[in-house]
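Have a look at the structure below before the remarks.
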There are 2 protein chains.
Amino acid sequence: MKSTERRPRGRPRALDRDEALETALQLFWRHGYEGTSIADLTAAMGVTPPSLYTAFGSKERLYQEALDRYGMSYGSFVALALAEEPTARQAIERILREAVAVYSEGPAPRGCMLASGAVTCAPEHAPVVADLSRRRLATIAGIRTRFDRAVVEGELAPATDTEALAAFYAAIVQGLSIQARDGAGREVLEAIAATALRAWPGAAAGR
Amino acid sequence: MKSTERRPRGRPRALDRDEALETALQLFWRHGYEGTSIADLTAAMGVTPPSLYTAFGSKERLYQEALDRYGMSYGSFVALALAEEPTARQAIERILREAVAVYSEGPAPRGCMLASGAVTCAPEHAPVVADLSRRRLATIAGIRTRFDRAVVEGELAPATDTEALAAFYAAIVQGLSIQARDGAGREVLEAIAATALRAWPGAAAGR
DNA sequence: ATATTTTTATATTGACCGCTATGAAAAGCA
DNA sequence: TGCTTTTCATAGCGGTCAATATAAAAATAT
């Protein structure tokens, strides 16, 4: 019996916090931080501004929570691949494969929420840009750490510039994100990924 | 003698159109379309709104003119490299080299104005996004055309997927742009470019 | 029943958005 | 010296921005 969950004191909230956060994620993903207004958010959630503010505090904090949620759902494939795949090479292959799938999904492709979110914006929103930048750098650092492990395990040569290699594959993912939003076909995106794998250390280049 | 230039009838304009356009280019480059307000623009130009509107029509048209100017100045190196370099390979090398230099320039790196300009934004500004997308696609098409020529000239194998190869190097440039804005050092950016060249058809991959 | 607590909706807040109506200022033309 | 033409600065247009003051509504607690 779950009767241990006592109802709190006041009026029960009509807003499903989890559902509302998913709605915010979708809007921010498609239109970015500056391109999504509080009015857009409340209309899509079916609530009024005060409900949104008591639940999430501010637009900026709501955006950060949406980014967290993205990292634990649509964007989780990167960390999962790095942790689960037996080799760094296989991890990168899976990351590129899944990036193509996620970024080109739906009638209006959305790319990567981190890469396409808020690269440029007004000076007063600099904290948002800095936060996004930090998240992108953290992703690259994660890839690099996996490459360092591959060096220790003998998969990659000791002289490998793991920082540069991680930055390279991150650049590919960022390029995939932009071109997906530009409407590039899945075949083109897959071809970009395949070409990027030709740069893998020691790999034989194709024709 | 250049006396053939008759002064027009009315009050002479205090606004130097060329100088004002360069100012707009810089602001739009740093802060994007939505992140730059008319007030920002007029303040930086040292004029009042009516002067800006008589000279450029609207914010959207000013942005387009700024993009045109970018393509003929800071961004011209792509078309120049494609036209001037004797081989496609040398053209790509030069594009990557100059992209690193231009994107990481200055105290606050600006990346590529086309790649970082307005990937996501409010639905009402969809025409701006579409215009930028069109310019990015045109750049890729230009690279692809150069690659097709390289196939005809025997530099690249007839079976080369020139569309995919062009999209790949465009993705690298887009990734360079984002990471430059994120503060990546010049060495990292150069290493990304060097890694990308390892994917060149027939090239021997490094360690 | 009454009090307490929390969330809700209504209605605004001041600031800023892109843009423009109005009329004065500055030039050439007669 | 007018008269015409064009650009200029002042001031403000309606609209939207993110965020809130206020108070009614809806639950538990006493």
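Just so it is clear: chains get the letters A, B, ... in the order the sequence lines come, proteins before strands, and each one is counted from 1.
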* Asked: What about B/R9: does its side chain form a donor-acceptor pair under 3.5 Å with the base of D/dT4?
  ->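 It does, because a donor-acceptor pair links the side chain of B/R9 to the base of D/dT4 below 3.5 Å.
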
Can any side-chain N or O of [X] pair as donor or acceptor with the backbone N or O of [Y] at less than 3.5 Å?
{"X": "B/R181", "Y": "B/R30", "value": "yes"}
{"X": "B/T42", "Y": "B/I38", "value": "yes"}
{"X": "B/S177", "Y": "B/G111", "value": "no"}
{"X": "A/Q179", "Y": "B/A167", "value": "yes"}

Over all strands shown, is [X] touching base, sugar-phosphate only, or nothing at heavy-atom distances under 4.0 angstrom?
{"X": "A/T42", "value": "nothing"}
{"X": "B/P12", "value": "sugar-phosphate"}
{"X": "A/T48", "value": "base"}

* To do: Between B/G57 and B/S37, name the one whose nearest nucleotide on DNA chain C is closer to the 5' end.
  =>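 That would be B/S37.
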
* Taking for each residue the nucleotide of DNA chain C bearing the nearest heavy atom, is the 5' side occupied by A/P49 or by B/S58? ->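 The residue whose closest nucleotide sits nearer the 5' end is A/P49.
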
Could you tell me how far apart [X] ([atom1]) and [N] ([atom2]) are, to the nearest whole angstrom?
{"X": "A/M45", "N": "D/dA18", "atom1": "CE", "atom2": "P", "result": "12 Å"}
{"X": "A/H125", "N": "C/dC17", "atom1": "NE2", "atom2": "P", "result": "10 Å"}
{"X": "A/R61", "N": "D/dA18", "atom1": "CZ", "atom2": "P", "result": "16 Å"}
{"X": "A/Y63", "N": "D/dA18", "atom1": "OH", "atom2": "P", "result": "14 Å"}
{"X": "A/E60", "N": "D/dC17", "atom1": "CD", "atom2": "C1'", "result": "15 Å"}
{"X": "B/R11", "N": "D/dC8", "atom1": "CZ", "atom2": "C1'", "result": "4 Å"}
{"X": "B/L52", "N": "D/dA9", "atom1": "CG", "atom2": "C1'", "result": "14 Å"}
{"X": "B/K59", "N": "C/dC16", "atom1": "NZ", "atom2": "C1'", "result": "12 Å"}

Considering just the side-chain nitrogens and oxygens of [X], establish if one lies under 4.0 Å of OP1 or OP2 belonging to [N].
{"X": "B/T54", "N": "D/dT7", "result": "no"}
{"X": "A/Y53", "N": "D/dA19", "result": "yes"}
{"X": "A/S51", "N": "C/dT7", "result": "no"}

* To do: State yes or no: are the ring centers of B/Y103 and B/W29 separated by less than 6.0 Å?
  =>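 Ring-ring flag for B/Y103/B/W29: false, centres at least 6.0 Å apart.
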
* Asked: So which one's nearest nucleotide on DNA chain D is more toward 5', A/A39 or B/R13?
  ->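 Its nearest nucleotide being more 5', the pick is B/R13.
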
